[in-house]
Undergrad: 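Once you've had a glance at the structure underneath, I'll fire off some questions.
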Amino acid sequence: MTALQRVSPGAPEDERRAEWTLVLEEMEGEVIDAERSIRGNRAEEIAAWGRRMEDWVPPSALGPLPMDLRERAARLLQHQLAVAEELVERITQSQRQRDLAARMAYRPRPVAAFVDRAL
């Protein structure tokens, strides 16, 4: 069950704070998972993170982010941006390597220009 399903719009502040904390923890977990994929040089996982195109939309039922969680959310955003930048770099680097490998694999092999044998 997601935080959106557990909180009613008129929920007390403490309950909303707890649910926002859960949402932030889930997002932090995703950033850490993406970072592990990068650090582990797991190309397939890195590519999978790059294919995730949906933007995150904050659950409307939670209400505004509590003031005491804003600094944490700002740090999380900076962490997300840094990991996203690194993902883009790794995906670009991987594409260049694949392109180079493809060009090398299909290029005709050079033939020997001389024969090394005694006359």
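Just so you know, residue 1 is the first one in the sequence shown, and it goes up from there.
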Undergrad: To the nearest 0.5 angstrom, please state how far the CD atom of Glu25 sits from the CD1 atom of Ile32.
TA: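 Atom-to-atom, Glu25:CD and Ile32:CD1 are 10.5 Å apart.
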
Undergrad: For Asp14 versus Arg17, what's the shortest heavy-atom pair and its separation?
TA: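 The pair with the smallest heavy-atom distance is OD1-NH1, 3.3 Å.
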
Undergrad: Take Leu76 and Arg72 through the test side chain to side chain contact (heavy atoms under 4.5 Å, CB included) and record every step on the way to the result.
TA: CA-CA 6 Å; Leu76 173 58; Arg72 179 180 178 182; 5.7 Å; no

Undergrad: Below 4.0 angstrom, N of the basic side chain to O of the carboxylate: do Arg16 and Glu19 qualify?
TA: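 Between Glu19 and Arg16 there is no salt bridge, as every charged N stays at least 4.0 Å from the carboxylate O atoms.
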
Undergrad: Does Trp20 reach the main-chain N or O of Gly63 with its side chain, forming a donor-acceptor pair under 3.5 Å?
TA: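 The answer is yes, because a donor-acceptor pair under 3.5 Å joins these two groups.
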
Undergrad: Under the side chain to side chain contact (heavy atoms under 4.5 Å, CB included) rule, what do Glu89 and Glu85 come out as? Steps first, then yes or no, please.
TA: CA-CA 6 Å; Glu89 178 60 34; Glu85 185 176 323; 6.0 Å; no

Undergrad: Should Glu28 and Arg75 be marked as a side chain to side chain contact (heavy atoms under 4.5 Å, CB included) after you check the CA-CA gap, both sets of side-chain angles, and the distance that decides it?
TA: CA-CA 10 Å; Glu28 288 165 342; Arg75 284 192 313 268; over 6 Å; no

Undergrad: Looking only at side chains, do Arg96 and Gln93 share a donor and an acceptor under 3.5 Å apart?
TA: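 There is no such pair (donor and acceptor under 3.5 Å, judged by atom type) between the side chains of Arg96 and Gln93.
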
Undergrad: Using distance alone, with no hydrogens and no angle criterion, decide if Glu35 and His79 have a side-chain donor and acceptor under 3.5 Å apart.
TA: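 There is such a pair between these side chains.
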
Undergrad: How long is the span from the CD1 atom in Ile38 to the CG atom in Asp33, to the nearest 0.5 Å?
TA: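 Output value for this atom pair is 11.5 Å.
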
Undergrad: Which pair of heavy atoms, one from Gln80 and one from Val31, lies closest together, and at what distance?
TA: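 That closest heavy-atom pairing would be CG-CG2, 3.2 Å.
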
Undergrad: So, for Leu65 and Leu69, which heavy atoms are closest and what is the spacing to 0.1 Å?
TA: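 In this case the closest contact between Leu65 and Leu69 is CD1-CB, 4.0 Å.
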
